[in-house]
Amino acid sequence: MQKTSSRLLALLSLLQTRRGWSGEGLAERLDVTPRTVRRDIDRLRELGYPITAFKGPAGGYRLDAGGQLPPLLFDDGQAVALTVALQTAATTIRTGTGTGTTIAEDAAGALAMVRQVMPSRLRHRIDMLRITAVHPPENGSDTSQSDTQVFTDLSTAIHAREELRFDYTQERKAATERQRRRVQPHHLVTWRGRWYLLAWDLDRDDWRTFRVDRIHPRTPTGPRFTPRELPGGDVPAFITSRFRGSDGTTTDWPCQGEVVLDLPATAVAPFTQDGIVEELGPDRCRLTLGSWSWTGLAATIGRFDANIEVIGPPELNDAFAHLATRYANAARTTAPS
């Protein structure tokens, strides 16, 4: 029979992997008697683990949420996965200067604590996992931050289904202004390294997304509300659609065209993101690509240093003609001396 301490850890590990266990099931897994299981359950309760006994044909136990976070037990795979997740959060959530504790700072602190208590064999494995987030350069300084308290406030309002009032910071032609907004919050989502609040804007009578780092909540929250049905019913699809300039009911780009390029497919594919590239021969390929606007789509395709044959639609031909005229005018322009 295992020593009591080892048996308690094994029992705790089992309770954490399933919502409920029968007493006989635990006894069988630990190779002990049901009476020993009952005694060990009492010992874990004394240590602060909220274990509830439930009735049934055989009776059983489950580990519930408590008022405090008790020590947790992870196997090797779970510990490594947790470390990777914390490293990712610590490096990919954009942070800047500010007075609040950010998600990235909390993740870095939690990562240090987890690493400190890991056995040497796991510490060696995670030390080889170094995740670095490389963000593209942007104009100006990025002072966005993900404040833990703001996340908590937003999450609380979402789950309580309470209206939110907040000041929202926006950049307007090199000037910063704050707008007061009233919304019914629905989801917190991430998009390309930033956190956003998806909400129904009560003053604009439409769905809106707000950058979390620009939200300054006001208290108290407003009245409770009945959640509206999101168009399409799928949050990822709706967010993708909105950031592509659509109405939220489709993930397709508003403008999508097809061309043939005098380039190998292997030379085009790495630079088309979600575009579709089909090989037509060693030096030709068909490209199907989308964008916010026809002019933007034509400009994107024009970056490829190759002859272009437009398959369709006619709007894309018109956009190329418009750009040709604009570029021709630019070529004839002489800079003042």
Side-chain angles (χ1 to χ4, degrees), residues 65 67 69 85-86 88-90 92-110 138 140-251:
L69 183 66
L86 289 173
T88 302
T92 59
I93 301 298
R94 297 171 183 262
T95 60
T97 57
T99 58
T101 302
T102 66
I103 294 293
E105 292 168 343
D106 288 340
E138 299 180 5
S141 60
D142 185 1
T143 59
S144 62
Q145 60 176 349
S146 304
D147 194 308
T148 304
Q149 186 58 50
V150 173
F151 271 89
T152 302
D153 293 342
L154 297 182
S155 298
T156 300
I158 290 171
H159 288 285
R161 298 179 178 178
E162 294 176 343
E163 292 181 6
L164 267 177
R165 297 179 303 119
F166 56 84
D167 294 327
Y168 190 65
T169 303
Q170 288 187 307
E171 304 293 334
R172 299 286 188 183
K173 296 182 180 180
T176 300
E177 66 177 37
R178 281 193 177 188
Q179 296 181 346
R180 187 166 297 183
R181 311 299 283 263
R182 241 178 9 108
V183 304
Q184 294 176 346
H186 281 256
H187 290 86
L188 282 171
V189 298
T190 59
W191 176 267
R192 296 185 177 179
R194 295 189 189 276
W195 282 96
Y196 293 86
L197 171 68
L198 172 61
W200 177 264
D201 193 311
L202 292 166
D203 295 323
R204 289 156 180 80
D205 199 31
D206 193 12
W207 293 97
R208 291 288 190 272
T209 54
F210 303 92
R211 277 178 48 174
V212 171
D213 58 281
R214 294 180 175 179
I215 293 177
H216 307 274
R218 289 177 166 267
T219 55
T221 55
R224 292 175 59 86
F225 64 91
T226 300
R228 299 171 183 267
E229 183 177 352
L230 192 68
D234 185 276
V235 174
F238 182 83
I239 291 296
T240 300
S241 175
R242 278 303 179 96
F243 277 103
R244 287 182 173 180
S246 296
D247 60 3
T249 59
T250 175
T251 57

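Note: hydrogens, waters and symmetry copies are ignored here, and every other heavy atom, side chains too, is used.
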Note to self: Within the 4.5 Å heavy-atom criterion, are Tyr196 and His187 side-chain neighbours or not?
What the structure shows: no
Check: Nearest heavy-atom pair of His186 and Trp200: which atoms, and what distance?
Finding: CD2-N, 4.2 Å
Next item on the list: Show the numbers, then the answer: is there a side chain to side chain contact (heavy atoms under 4.5 Å, CB included) between Asp153 and Phe166?
Entry: CA-CA 11 Å; Asp153 293 342; Phe166 56 84; over 6 Å; no
Note to self: Can you confirm whether Gln184 sits close enough to Leu202 that some side-chain heavy atom of one is under 4.5 Å from a side-chain heavy atom of the other?
What the structure shows: yes
Notebook entry, point to check: Hey, are Arg218 and Asp167 close enough for a salt bridge, meaning a charged N less than 4.0 Å from a carboxylate O?
Noted result: yes
Item checked: Pairwise distance CZ(Arg214) to CD(Gln179) - rounded to 0.5 angstrom -> 11.0 Å
Next item on the list: Can you sort out the partners of Asp205 under salt bridge (Lys or Arg N to Asp or Glu O under 4.0 Å), two or more places apart, ordered by chain and number?
Entry: none
Margin query: Could you work out, with salt bridge (Lys or Arg N to Asp or Glu O under 4.0 Å) as the rule, every residue matching Arg165, not counting sequence neighbours?
Written below: none
Check: Leu198 and Trp207: side chain to side chain contact (heavy atoms under 4.5 Å, CB included), yes or no, with the steps?
Finding: CA-CA 7 Å; Leu198 172 61; Trp207 293 97; 4.1 Å; yes
Next item on the list: Indicate yes or no: at least one non-hydrogen side-chain atom of Pro227 is less than 4.5 angstrom from one of Arg161.
Entry: yes
Next item on the list: Might you point out which heavy atoms bring Asp201 and Asp203 nearest each other, and give the distance in Å?
Entry: OD1-N, 3.0 Å
Check: What distance separates Leu188 CG from Ile158 CD1, expressed to the nearest 0.5 Å?
Finding: 4.0 Å
Margin query: To check you understand the geometry: which heavy-atom pair defines the closest contact between Ala199 and Pro185, and what is its length?
Written below: CB-CA, 3.8 Å
Next item on the list: Could you check if a side-chain atom of Pro217 sits within less than 4.5 angstrom of a side-chain atom of Ile215, using non-hydrogen atoms only?
Entry: yes
Checklist line | Gap between atom CG of Asp234 and atom OG1 of Thr240 - 0.5 Å precision | finding: 8.5 Å
Next item on the list: Any salt bridge (charged side-chain N to carboxylate O under 4.0 Å, His left out) involving residues 221-233? Give me the pairs, sequence neighbours left out, ordered by first then second residue.
Entry: none
Item checked: Ionic contact status for Asp206 with Arg204, cut-off 4.0 Å -> no
Next item on the list: I would like to know whether Leu164 and Leu197 meet side chain to side chain contact (heavy atoms under 4.5 Å, CB included); could you show each step before the answer?
Entry: CA-CA 11 Å; Leu164 267 177; Leu197 171 68; 4.3 Å; yes
